[in-house]
Amino acid sequence: MVKELYTTNVVNTFIRVAEDCPARVGEEPRPYGGKPTVGALQYAMLAGAPYKYTSDDVVFATSSAGRALGAKATKKERSAARETFFSKGQACMRASPLGKRFGWGVHADAEGRIAIYAVDSKRYQALARDPEIAQTSAMRSKRV
């Protein structure tokens with residue numbers, strides 16, 4: 001029996017910041033209590049490497065399961081941990097603190113690789129108006 005694996009990957013999609021996002025400019029997430037937050041880890045991965053990673057890559061690497069592996073994990077160990085992680089549904093980049101709190105939109109290209117754009121940037125505005133790209137928003141932080 002083959003295990004069903006879930007994915008957070010999307011293609012040709014732009015995730016705008018949440019309606020209740022307090023940031024009016026793209027803010028770099030800071031560590032909390034001396035430890036990096038999920039938002040800080042995701043920002044670090046994506047800010048320096050646009051369109052290098054898929055949503056699944058980022059979600060797994062910044063999860064507790066991905067962080068627990070450490071640098072010395074073998075490819076086989078990493079693959080097994082990732083398979084176990086995605087055997088259950090996971091929150092996608094719509095739930096990321098980048099779009100909910102820090103003012104970053106997430107664009108997925110035709111191959112599912114993602115990049116972030118500050119809400120106050122021209123590129124963000126262009127992507128938000130592009131009719132060729134599926135549009136969605138980050139999840140709200142508060143219920144309506």
Side-chain angles (χ1 to χ4, degrees), residues 4-130 132-144:
E4 179 182 359
L5 294 182
Y6 295 87
T7 185
T8 64
N9 291 340
V10 292
V11 294
N12 293 325
T13 300
F14 186 59
I15 303 170
R16 297 182 307 272
V17 299
E19 292 174 30
D20 63 346
C21 178
R24 297 292 163 235
V25 298
E27 300 172 3
E28 181 176 347
R30 299 284 177 213
Y32 182 78
K35 295 184 180 182
T37 61
V38 169
L41 292 168
Q42 289 176 344
Y43 178 85
M45 277 185 83
L46 295 169
Y51 301 110
K52 179 177 180 182
Y53 302 106
T54 65
S55 176
D56 281 356
D57 295 337
V58 174
V59 168
F60 177 70
T62 60
S63 71
S64 58
R67 289 182 292 187
L69 285 174
K72 294 185 178 182
T74 65
K75 206 172 199 177
K76 188 174 182 177
E77 290 170 329
R78 197 168 293 283
S79 179
R82 189 172 166 130
E83 186 174 314
T84 300
F85 182 75
F86 285 110
S87 67
K88 297 180 195 130
Q90 299 296 330
C92 66
M93 290 302 291
R94 287 187 61 226
S96 169
L98 295 177
K100 291 174 71 169
R101 161 70 186 87
F102 295 103
W104 296 94
V106 180
H107 177 243
D109 67 10
E111 295 176 20
R113 296 172 306 191
I114 60 176
I116 55 174
Y117 295 96
V119 68
D120 57 319
S121 70
K122 289 181 180 175
R123 183 68 178 143
Y124 178 99
Q125 299 305 321
L127 288 166
R129 288 191 307 266
D130 190 338
E132 301 294 315
I133 300 172
Q135 302 285 325
T136 190
S137 293
M139 294 176 170
R140 298 174 56 90
S141 294
K142 297 177 177 71
R143 290 186 178 173
V144 179

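Position 1 is the first residue of the sequence; numbering continues from there. Nothing here was measured: the structure is a model prediction, and the numbers come from that model.
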Enquirer: Can you label the angle between the Y117 ring and the H107 ring as parallel, tilted or perpendicular, going by 30° and 60°?
Expert: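 Tilted: the ring planes of Y117 and H107 meet at 30° to 60°.
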Enquirer: Determine whether D56 and R82 make a side-chain contact, defined as any pair of heavy atoms from C-beta on separated by less than 4.5 Å.
Expert: yes
Enquirer: Indicate yes or no: at least one non-hydrogen side-chain atom of P29 is less than 4.5 angstrom from one of L98.
Expert: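 Yes; the side chains approach each other to less than 4.5 Å.
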Enquirer: If you compare all heavy atoms of N12 against all heavy atoms of I133, which two are closest, and at what distance to 0.1 Å?
Expert: O-CG2, 3.4 Å
Enquirer: Using 0.5 Å steps for rounding, measure from the CD atom of E83 to the OG atom of S87.
Expert: 8.0 Å
Enquirer: Are the side chain of Y124 and the backbone of V17 linked by a donor-acceptor contact shorter than 3.5 Å?
Expert: yes
Enquirer: Does any part of the side chain of M93, heavy atoms only, come nearer than 4.5 Å to the side chain of V59, both counted from C-beta?
Expert: yes
Enquirer: Under the ring pair (Phe, Tyr, Trp, His ring centres under 6.0 Å) rule, what do F86 and Y6 come out as? Steps first, then yes or no, please.
Expert: CA-CA 5 Å; F86 285 110; Y6 295 87; 9.1 Å; no
Enquirer: For the backbone of G26 and the side chain of D120, can you confirm whether one donor and one acceptor N or O come within less than 3.5 Å of each other?
Expert: yes
Enquirer: If you compare all heavy atoms of P50 against all heavy atoms of G48, which two are closest, and at what distance to 0.1 Å?
Expert: CD-C, 3.7 Å
Enquirer: Determine the minimum heavy-atom distance between K100 and A95, stating which atoms define it.
Expert: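 What the structure gives for the nearest pair is CD-O, 3.4 Å.
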Enquirer: Compare all side-chain heavy atoms of L41 with those of R67 and state whether any distance is below 4.5 angstrom.
Expert: yes
Enquirer: Does any part of the side chain of F85, heavy atoms only, come nearer than 4.5 Å to the side chain of Q90, both counted from C-beta?
Expert: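 With C-beta onward as the side chain, the pair touches.
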Enquirer: Quick one: list whatever passes side chain to side chain donor-acceptor pair (under 3.5 Å) with R16, sequence neighbours left out.
Expert: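 Scan of R16 (side chain to side chain donor-acceptor pair (under 3.5 Å), adjacent residues dropped) gives Q135, S137.
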Enquirer: Roughly how far apart are I116 CD1 and Y51 OH, rounded to 0.5 Å?
Expert: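 I116 atom CD1 to Y51 atom OH measures 10.5 Å (nearest 0.5 Å).
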Enquirer: So, does T84 use its side chain to make a donor-acceptor pair with the main chain of A80 at under 3.5 Å?
Expert: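 The answer is yes, because a donor-acceptor pair under 3.5 Å joins these two groups.
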Enquirer: If the condition is ring-ring contact (aromatic ring centres under 6.0 Å, His included), which residues does Y43 pass it with, not counting sequence neighbours?
Expert: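 Here the qualifying residues are W104.
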Enquirer: Please name the pair of heavy atoms, one in A23 and one in G103, separated by the smallest distance, quoted to 0.1 Å.
Expert: CB-N, 3.7 Å
Enquirer: What I'd like to find out is whether the side chain of V11 reaches to under 4.5 Å of the side chain of E111, using heavy atoms alone.
Expert: no
Enquirer: So, taking the atom named CG in L127 and the one named CD1 in I15, what distance separates them when rounded to the nearest 0.5 Å?
Expert: 12.0 Å
Enquirer: D130 and R123: salt bridge (charged side-chain N to carboxylate O under 4.0 Å, His left out), yes or no, with the steps?
Expert: CA-CA 11 Å; D130 190 338; R123 183 68 178 143; over 6 Å; no
Enquirer: Do P97 and Q42 come within less than 4.5 Å of each other through their side chains, counting heavy atoms only?
Expert: yes
Enquirer: Can you tell me if E77 uses its side chain to pair, donor with acceptor, with the backbone of T74 under 3.5 Å?
Expert: yes
Enquirer: Counting only N and O atoms by type, is there a donor-acceptor contact under 3.5 Å from the side chain of S63 to the main-chain atoms of F60?
Expert: yes
Enquirer: Looking only at heavy atoms, which two atoms of D20 and R140 are closest? And how far apart?
Expert: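 Heavy atoms only, the tightest pair is OD1-CA, 3.4 Å.
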Enquirer: Can you check whether T136 reaches T13 side chain to side chain, under 4.5 Å on heavy atoms?
Expert: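 T136 vs T13: side chains touch.
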Enquirer: Hey, could you give me each pair passing salt bridge (charged side-chain N to carboxylate O under 4.0 Å, His left out) that has a residue in residues 22-32? Not counting sequence neighbours.
Expert: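 Listed by first then second residue: E27-R101, E28-R30.
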Enquirer: Are more than 12 heavy atoms, taken from residues, nucleotides or ligands other than Q125, located less than 6.0 Å from that residue's CD atom?
Expert: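 Correct, the count exceeds 12.
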Enquirer: So, S121 side chain and A118 main chain: donor-acceptor pair closer than 3.5 Å or not?
Expert: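 Checked: pair present.
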Enquirer: Can a donor-acceptor pair be found, under 3.5 Å and without considering hydrogens, that links the side chain of N9 to the backbone of G112?
Expert: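 Answer holds: no.
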